[in-house]
Structures are given as structure tokens and as C-alpha cells.
Amino acid sequence: MATPPDCLFCKIVAGEIPAEVVHVTEHAVAFRDINAQAPTHVLVVPRAHYANAAELAHGDPEASAELLRVAAAVAAAEGHADYRIVFNTGEGVGQSVFHTHLHLLAGRPMTWPPG
Ligand code: 5GP
Ligand code: ZN
């Protein structure tokens, strides 16, 4: 899929905007969220641009699965057996960057349901 010129996460993947990258694979890049909501708050994104998780799953199922494998690897590397994965989809539930990303959150107690 084409890279929109103004996409923040495409720019992070390309190394044009700095980020604290913690894990890279063929299809995915993981970096720390700039506004961490937990001791571990890492965003895992596909290198290719898709607007949300479902579009990625349709367009590139292998990359979609890789995001989950990377999240598990980062959680393990940071010593967390328990973690939460969130894909916000749509402005109404808080998506603010329209390049697929999962939030990996761990390291503190969490409530359910989320707010
Ligand atoms: P969303 O709200 O779309 O689910 O998540 C976007 C996330 O990107 C937010 O948690 C926000 O803190 C994070 N974010 C926004 N701008 C930057 C940035 O420039 N660098 C990094 N590392 N994270 C960012
Ligand atoms: Zn993008």
C-alpha cells in the first residue's frame, strides 16, 4: 500500500522521525509510546501502511500475525507474563494515528472494562 506523505508512523518506520525502537522484524517495528500509560507501553506497527488492524488483516495476514508475535516477544523481554494488547479502531474510541498499531501495555494492575 502507498505511503501517505504525512503519516507519522510511516516516518518512524523509515527512520525519518526518531523513536526508541525496541524490536524489529521483517514486517514490523516496535517502539516506545511517547506518552507511556504503563511501565511498558510499546507500539507495534507494520512497516507497510494500513489504516487499522482489520485492513492489515485483510491486506497482509502474515504481518498482522507478526504484530502479535512481536508484542509477545517484547513483553517477555521486559519480564511481563501478563500484558494487554489494544487496537483502537476509529476516532470514536481513541485512534489518533491512522497507521495500524497495537498498544502493548504491561507492568501495572489494570481494570476491566477499559475506559
Ligand atoms: P492511538 O491513539 O491512535 O491508538 O495511539 C497513538 C499513540 O501514538 C498514542 O498513544 C501516542 O502517545 C503515540 N504517539 C503519538 N505521537 C508519537 C510520536 O511522535 N512518537 C511516539 N513514539 N509515539 C507517539
Ligand atoms: Zn503510515
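Read the numbers this way: they start at 1 and go in the same order the structure lists the ligands and their atoms.
- Some N or O of Ile34 is nearer than 3.5 Å to an N or O of ligand 1, by distance alone.
- In this structure, the protein non-hydrogen atom closest to atom 5 (O) of ligand 1 is His101 NE2, 3.0 Å.
- A donor-acceptor pair under 3.5 Å links the side-chain atoms of Gln95 to the main chain of Gly90, judged by distance alone.
- Contact between Gly94 and ligand 1 is present, with at least one heavy atom of the residue lying under 4.0 Å from the ligand.
- Residue contacts with ligand 1 for Glu20 are absent, since no atom lies close enough (heavy atoms, distance under 4.0 Å).
- In the vicinity of Asn35, heavy-atom distances shorter than 4.0 Å reach the ligand 1 atoms 12 (O).
- Contact annotation: Phe87 has no heavy atom less than 4.0 Å from any atom of ligand 1.
- Two residues are said to be in side-chain contact when any heavy atoms from C-beta on lie closer than 4.5 Å; His27 and Arg47 fail this criterion.
- Counting heavy atoms from C-beta outward, Asn52 and Phe98 have side chains that stay 4.5 Å or more apart.
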Please tabulate, for the side chains in residues 105-115, all donor-acceptor contacts under 3.5 angstrom to protein atoms that are two or more places apart in sequence or on a different chain.
unit_1: Arg108; atom_1: NE; unit_2: Gln37; atom_2: O; d: 2.8
unit_1: Arg108; atom_1: NH2; unit_2: Gln37; atom_2: O; d: 2.9

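- Contacts between Ser96 and ligand 1, counted as non-hydrogen atom pairs separated by less than 4.0 Å, involve both the backbone and the side chain.
- Looking only at side-chain heavy atoms (C-beta outward), Ile85 and Leu68 come within less than 4.5 Å of each other.
- Ranking protein heavy atoms by distance to atom 9 (C) of ligand 1, first place goes to Asp33 OD2, 3.3 Å.
- Contact check for Leu67 versus Leu56: side-chain heavy atoms found under the 4.5 Å cut-off.
- Looking at atom 22 (N) of ligand 1, its nearest protein heavy atom turns out to be Arg32 O, 2.9 Å.
- Glu55 places no side-chain N or O within donor-acceptor distance of the main-chain N or O of His99, the cut-off being under 3.5 Å.
- Inspection of the environment of the Zn ion (ligand 2) yields the following protein N, O or S atoms under 2.8 Å: Cys7 SG, Cys10 SG, His49 ND1, His99 ND1.
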### Message
Using the rule given for side chain to side chain contact (heavy atoms under 4.5 Å, CB included), can you reason through Val21 versus Val29, listing the C-alpha separation, both sets of side-chain angles and the distance that settles it, and then say yes or no?
### Response
CA-CA 7 Å; Val21 174; Val29 177; 4.1 Å; yes
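- Here the side chains of Val86 and Leu102 are not in contact, with every heavy-atom distance at 4.5 Å or above.
- By the 4.5 Å heavy-atom criterion applied to side chains, His41 and Leu43 are counted as neighbours.
- Ranking protein heavy atoms by distance to atom 16 (N) of ligand 1, first place goes to Leu8 CD2, 3.3 Å.
- Counting heavy atoms closer than 4.0 Å to ligand 1, residue Phe31 contributes side-chain atoms (C-beta onward) but none from N, CA, C or O.
- Residues forming a ring-ring contact (aromatic ring centres under 6.0 Å, His included) with His101 (at least two apart in sequence, or on another chain): Phe9, His103.
- At a 4.0 Å heavy-atom cut-off, ligand 1 does not touch Val86 at all.
- Residue contact annotation: Gln37 has no non-hydrogen atom under 4.0 Å from ligand 1.
- Among the atoms of Ile17, none of the N or O lies under 3.5 angstrom from an N or O of ligand 1.
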Under 3.5 Å, sequence neighbours excluded: what are the donor-acceptor pairs made by side chains of residues 69-80?
unit_1: Arg69; atom_1: NH2; unit_2: Glu62; atom_2: OE2; d: 2.6
unit_1: Glu78; atom_1: OE1; unit_2: Arg32; atom_2: NH1; d: 3.4
unit_1: Glu78; atom_1: OE1; unit_2: Thr40; atom_2: OG1; d: 2.6
unit_1: Glu78; atom_1: OE2; unit_2: Arg32; atom_2: NH1; d: 3.1
unit_1: Glu78; atom_1: OE2; unit_2: Arg32; atom_2: NH2; d: 2.8
unit_1: His80; atom_1: NE2; unit_2: Thr40; atom_2: OG1; d: 2.8

